[in-house]
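Report on the following structure.
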Amino acid sequence: GAGVSQSPSNKVTEKGKDVELRCDPISGHTALYWYRQSLGQGLEFLIYFQGNSAPDKSGLPSDRFSAERTGGSVSTLTIQRTQQEDSAVYLCASSLRQSSYEQYFGPGTRLTVT
Amino acid sequence: AQSVTQLGSHVSVSEGALVLLRCNYSSSVPPYLFWYVQYPNQGLQLLLKYTTGATLVKGINGFEAEFKKSETSFHLTKPSAHMSDAAEYFCAVSDGSGAGSYQLTFGKGTKLSVIP
């Protein structure tokens with residue numbers, strides 16, 4: 001079956017611009033996670049959705065970062081006024097339910113801020 | 001709070017040799033433990049997981065790991081390395097303590113090179 005998909009695969013943007021990153025989880029998976037992978041910080045948790053609600057936003061690094069999920073499916077991560085330190089690979093993962101142990105990852109979006 | 005330490009950012013082994021990648025964790029509650037593999041320019045693929053029960057866990061591609069509570073370790077092994085095992089490996093822990101989230105906390109990763 002189809003796995004987690006993310007778009008775009010690569011995004012180059014100028015400092016100060018806004019970007020939107022999209023995640024399409026595995027059909028039927030109610031839990032969705034965003035992570036960021038960067039050279040300096042490794043893999044970091046950003047935000048967790050259960051259905052359309054986000055009970056855990058503790059990993060969002062600043063108020064420039066926001067995310068939403070609609071219809072219990074697709075999620076969008078938005079970064080406003082991008083900075084060079086936002087350059088990273090943004091990974092999305094989904095799992096069947098909140099307490100499901102296995103998270104399935106998408107291929108990621110590589111964001112470069114120039 | 002939970003954390004993961006992977007010893008060795010880079011490990012090299014000869015083809016056919018034993019692979020041993022080390023992982024130690026800390027968690028305030030019984031943890032769930034995972035190993036993921038990442039090939040260049042790809043996402044993370046689950047190799048194996050420990051949740052409850054048998055402490056020796058077998059995964060895909062001939063890998064296995066043993067949960068040792070007394071040592072807070074979850075080392076990954078494979079008896080005989082293959083060229084296709086060259087990748088980056090991440091150990092991760094989840095304890096469900098993040099506002100009900102089962103977010104993963106990852107180690108820094110270990111890049112495995114296999115020498116022909």
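All chains are named by letter (A, B, ...) in the order of the sequence lines, taking the proteins before the strands, and each is independently numbered beginning at 1.
Under a hydrophobic-cluster definition in which Ile, Leu, Val, Met, Phe, Trp and Tyr are linked whenever side-chain heavy atoms come within less than 4.5 Å, directly or via other members, B/L33 and B/V4 are assigned to the same cluster. Two different hydrophobic clusters hold A/Y90 and A/F45 under the rule that ILVMFWY side chains link at heavy-atom gaps under 4.5 Å. There is a path of hydrophobic side-chain contacts, each under 4.5 Å, that joins B/Y89 to B/V13. Residues B/W35 and B/V37 share a hydrophobic cluster, clusters being chains of Ile/Leu/Val/Met/Phe/Trp/Tyr side chains in contact below 4.5 Å. The cluster map of Ile, Leu, Val, Met, Phe, Trp and Tyr, joined by side-chain heavy atoms under 4.5 Å apart, puts A/I26 and A/L96 in different clusters.
Within residues 105-116 of chain B, the residues that have a heavy atom under 4.5 Å from a heavy atom of chain A are B/F106, B/K108, listed by number. The contact list for residues 55-81 of chain B toward chain A, using heavy atoms and a distance under 4.5 Å, is empty. Using a 4.5 Å cut-off between non-hydrogen atoms, the part of residues 43-52 of chain B that approaches chain A consists of B/G43, B/L44, B/L46, B/K49, B/T51. For residues 104-114 of chain A, a heavy-atom distance under 4.5 Å to chain B picks out A/F105, A/G106, A/P107, A/R110, given by residue number.
Heavy atoms closer than 4.5 Å to chain B are found in the side chain of A/Q37, but not in its backbone. In this structure, no portion of A/F49 lies under 4.5 Å from any heavy atom of chain B.
With values rounded to the nearest 0.5 angstrom, B/Y102 atom OH is found 11.5 Å from A/Q103 atom CD. To the nearest 0.5 angstrom, B/Q42 atom CD is 12.0 Å from A/L91 atom CG. Here the CD atom belonging to B/E88 is positioned 8.5 Å from the CG atom belonging to A/L43, to the nearest 0.5 angstrom.
A/Y35 places a side-chain heavy atom less than 4.5 Å from the side chain of B/L104.
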